[in-house]
Undergrad: 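Sending over a structure as structure tokens; questions will come in a sec.
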Amino acid sequence: TTAIHYVFDTPVDKLVWDVGHQCYPHKIITGRRDRIRTLRSGGGLSGFTKRSESEYDAFGAAHSSTSISAALGFAKARDLRGTKEHVLAVIGDGSLTGGMALEAMLNIGDQKTDMVVVLNDNNMSIAENVGALATMLAKLRLNPQFQKAQSAFKSSIPKEGLLYKAASGARHAATHLVAPANTGLFFEELGFQYIGPLDGHDIGFLTEVFEEVKRLKGPVLLHVNTTKGKGYVPAEGDQRTWHAVSGFNVEDGNLEKKASGVSYTQAFVESLNEVAVNHPEVVAITAAMPDGTGLAKFAEKFPERFFDVGIAEQHAVTFAAGLAAGGFRPVCAIYSTFLQRAYDQIIHDVCLQDLPVVFCLDRAGLVGDDGATHHGAMDIAYMRSIPGMAFLAPCDTAELREMVRYALTEHQGPIAIRYPRGSTVLLEPKPQPIRHGLSQTLMSGGDVALLAVGPMVNQALEAARILRDAHKIDCTVVNIRWIKPLDIEMLKRVAESAQLIVTLEDGVITGGFGSAVSEAIQDIGKPNITVKRIGLPDSYVEHGTIPKLQELCGMDAKSVVQTVIDGIQERVTTPK
């Protein structure tokens, strides 16, 4: 990062980061040092690059494998304008496992566009990298000629631009100045001038290299080796844990204690493992997130039935479809925000063929510090519109365990379960057995019905108690359980007594669960019932603590109470 900013004239030259986790030194260098301690805090700096935050953030990033495509866009925009700025994409070897990165490289090699791709190779994604390309890079990194080649290249750099002269004179020449014979061939065959692998921690050396690279024409791939967590012993020693952390003590590396209680992720994988013992057809798939999804614990028990496909959500879903068509019961565990990347595969490869794939959407709803790019805000709206998809949401971890068991042993066809980050208090009464399409009524009474999805059940129950004790308003509270299919019989019963229905969901209300209820109320012939929808707004919610974001979005219990009171008042004052 230091060498790039020393050599290139940003923001005139365009620097495009991938994912954005590695952009913190970039933020410090580009005028945000005084605010760096606000990182990932409400009202503070984003944890990723963000165009509205700084002119130096040329392109927003948080989901992986986008940088090369975006950089090609900048380069083509430059060429169409007739200007001369340089364009660089910085991408990690983990992100290079994403198909979109390879699609972009194929396009660049065909276009012969002037631009630089810096491959930051630390042999890690969030966990260890997987795939044939990762294996190829590892072999190159371990080649005994690596140190010898670096030394030779260092001695050649100052001598009148030898790299520039060689690269402009013959194909492969730049590669052969540094890399052992036949290495880098993969990238060269894609149309890139390959340079590397180089020591990514030698700032002086890299500065000299970048000065030479600036002069090269056509696409260049500069391969640098780095150590994840370099310079901080705890991070170097446990790179998976330290991929993304909250607060910690700098002196000893002790992390802040996490909230107590069993998390949804833990409950999911424990239930999955219990079922898998007696069901050898159950297999599990993740897209480079074995720790985050909990599937690392499945992999320990059933290594031959676990598949990490790399950062390749599209492939993960269609791979799952193939396994299902082959007679297995695949569990595809992917964060809600990342499953968006495989929407066509869900429709075309799974649901259209009615294949029994179980989608487990971790981090559904608000996720807090990561902000707009990572909130699982869209899944209710994008999944409920798909024919053939069943969709569940547990109100607590005990109910999640039951839903996992049901999905794997009783349900036929595609099914999805969404659940939030963190843990929750177990509700009373304990969840009833899961039955297809049936909700659970937790409280009964009055002219108001609160229909809640997943973790919003807690807010509904708290609001109902406040309404009863402080305002003498009795509410029916329903744990929906099934987003799709809706419990129509329950809606009919509610419609016979309630004059006001309030829906609560931790997803966007546009096209979400509340919309489904409104549609159903019309369909059953009760248009005079008022339906109020509570959920995420039709805008992008920034980062902050989950309770604070719920308050800002009108999703906390206090806001629910006010929505009910306002709804009742509207019915009283509205002419019949």
Side-chain angles (χ1 to χ4, degrees), residues 1-2 4-5 10-11 15-64 66-67 70 90 92 95 126 228-232 234-235 241-259 292 335-338 362-378 420-422 506-508 536-556 558-559:
T1 303
T2 304
I4 287 171
H5 277 293
T10 57
L15 175 58
V16 181
W17 296 91
D18 209 280
V19 181
H21 285 307
Q22 71 273 48
C23 73
Y24 302 161
H26 160 79
K27 293 196 177 204
I28 293 171
I29 289 172
T30 56
R32 287 166 277 184
R33 179 174 180 171
D34 61 336
R35 292 185 289 151
I36 199 66
R37 292 186 184 276
T38 71
L39 195 71
R40 291 161 52 89
S41 301
L45 295 179
S46 169
F48 309 95
T49 52
K50 189 174 182 181
R51 281 167 54 84
S52 61
E53 187 177 288
S54 171
E55 64 178 338
Y56 289 90
D57 291 359
F59 197 78
H63 293 190
S64 82
T66 63
S67 62
V90 180
S95 293
I126 295 175
K228 190 166 184 172
K230 177 70 173 178
Y232 189 56
T241 297
W242 283 84
H243 170 77
V245 296
S246 52
F248 63 94
N249 185 289
V250 176
E251 285 72 26
D252 58 19
N254 286 333
L255 301 174
E256 287 183 355
K257 291 184 178 179
K258 297 181 180 180
Y335 286 8
S336 168
T337 188
F338 298 140
D362 204 324
R363 272 50 167 196
L366 295 168
V367 297
D369 298 342
D370 283 337
T373 56
H374 281 60
H375 294 315
M378 311 296 178
R421 183 180 189 176
D506 56 342
V508 290
L536 297 176
D538 188 22
S539 59
Y540 296 104
V541 179
E542 297 299 335
H543 54 285
T545 65
I546 292 176
K548 184 61 177 178
L549 294 179
Q550 287 179 330
E551 180 184 341
L552 291 173
C553 295
M555 296 166 56
D556 61 323
K558 182 179 178 181
S559 298

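Quick note: numbers below take in every heavy atom, side chains included, and nothing from hydrogens, waters or symmetry partners.
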Undergrad: State whether the number of non-hydrogen atoms from other residues, nucleotides or ligands found under 6.0 Å of Y540 atom OH is greater than 12.
TA: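 For Y540, atom OH is not crowded (no more than 12 foreign heavy atoms under 6.0 Å).
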Undergrad: Just do the side-chain contact (heavy atoms from CB on, under 4.5 Å) check on I36 and L45 with the steps written out, would you?
TA: CA-CA 7 Å; I36 199 66; L45 295 179; 4.1 Å; yes
Undergrad: Between D18 and T66 (side chain of the first, backbone of the second, donor and acceptor by atom type, cut-off under 3.5 Å), is there such a pair?
TA: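 Answer holds: yes.
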Undergrad: Would F48 and H374 count as a close aromatic pair, with their ring centres under 6.0 Å?
TA: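 Yes.
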Undergrad: Show the nearest heavy-atom pair for residues T373 and T337, with the distance to one decimal.
TA: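 So the minimum-distance heavy-atom pair works out to O-OG1, 2.9 Å.
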Undergrad: Roughly how far apart are L15 CG and Y56 OH, rounded to 0.5 Å?
TA: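 Reported value, rounded in 0.5 Å steps: 11.5 Å.
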Undergrad: Identify the two heavy atoms, one from L549 and one from V541, that lie closest to each other, and give their separation to 0.1 Å.
TA: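 Shortest heavy-atom contact: CD2-CG1, 3.9 Å.
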Undergrad: What closest approach, in Å, do G229 and A235 show between heavy atoms, and which atom pair accounts for it?
TA: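 Minimum heavy-atom separation between G229 and A235: CA-CB, 3.8 Å.
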Undergrad: One pair to check against ring-ring contact (aromatic ring centres under 6.0 Å, His included): F338 and H63. What are the steps and the verdict?
TA: CA-CA 7 Å; F338 298 140; H63 293 190; 4.9 Å; yes
Undergrad: Is there a donor-acceptor contact under 3.5 Å linking the side chains of S46 and H543?
TA: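 Distance-only check fails for S46 and H543.
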Undergrad: Apply salt bridge (charged side-chain N to carboxylate O under 4.0 Å, His left out) to the pair D362 and R421, showing each step before the final yes or no.
TA: CA-CA 7 Å; D362 204 324; R421 183 180 189 176; over 6 Å; no
Undergrad: Is there side-chain contact between S95 and S67, with at least one heavy-atom pair below 4.5 Å?
TA: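 S95 does not reach S67 side chain to side chain.
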Undergrad: What are the two closest non-hydrogen atoms of S559 and E551, and how far apart are they?
TA: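 For S559 versus E551, the nearest heavy atoms are OG-O, 4.3 Å.
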Undergrad: L39 and G47: which non-hydrogen atoms are nearest, and at how many Å?
TA: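 Residues L39 and G47, closest heavy atoms: CD1-CA, 4.3 Å.
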Undergrad: Would K50 and E542 count as a salt bridge (charged side-chain N to carboxylate O under 4.0 Å, His left out) if you check the C-alpha gap in whole Å, the side-chain angles of each, and the deciding distance to 0.1 Å?
TA: CA-CA 11 Å; K50 189 174 182 181; E542 297 299 335; 2.7 Å; yes
Undergrad: I'd like to know whether CG of D252 has more than 12 heavy-atom contacts from other residues, nucleotides or ligands below 6.0 angstrom.
TA: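 For D252, atom CG is crowded (more than 12 foreign heavy atoms under 6.0 Å).
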Undergrad: Taking atom OG1 of T1 and atom OH of Y24, what is their separation to the nearest 0.5 Å?
TA: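 Those atoms lie 12.5 Å apart.
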Undergrad: Could you walk me through whether L536 and D506 satisfy the side-chain contact (heavy atoms from CB on, under 4.5 Å) test, starting with their C-alpha distance in whole Å, then the side-chain angles of each, then the deciding distance to 0.1 Å, before giving a yes or no?
TA: CA-CA 6 Å; L536 297 176; D506 56 342; 5.6 Å; no
Undergrad: Do you know which two heavy atoms are closest between G292 and Y335, and how far apart they sit?
TA: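 Looking at all heavy atoms of both residues, the shortest contact is CA-OH, 3.3 Å.
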Undergrad: Mind telling me whether H5 and H26 have parallel, tilted or perpendicular rings, with 30° and 60° as the class edges?
TA: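 Rings of H26 and H5: parallel, as their planes differ by under 30°.
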Undergrad: Given side chains that start at C-beta, do those of S336 and R363 come closer than 4.5 Å, heavy atoms only?
TA: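 Sidechains of R363 and S336: no contact.
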Undergrad: Do S54 and D57 have side-chain N/O donor and acceptor atoms under 3.5 Å apart?
TA: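 The answer is no; no qualifying pair exists.
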Undergrad: Would you check if R33 and K27 make a side-chain contact, meaning some heavy-atom pair closer than 4.5 Å?
TA: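 Not touching, per the 4.5 Å side-chain cut-off.
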Undergrad: State whether the side chain of R51 and the backbone N or O of A58 hold a donor-acceptor pair below 3.5 Å, judged by distance alone.
TA: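 Judged by distance alone, yes, a pair lies under 3.5 Å.
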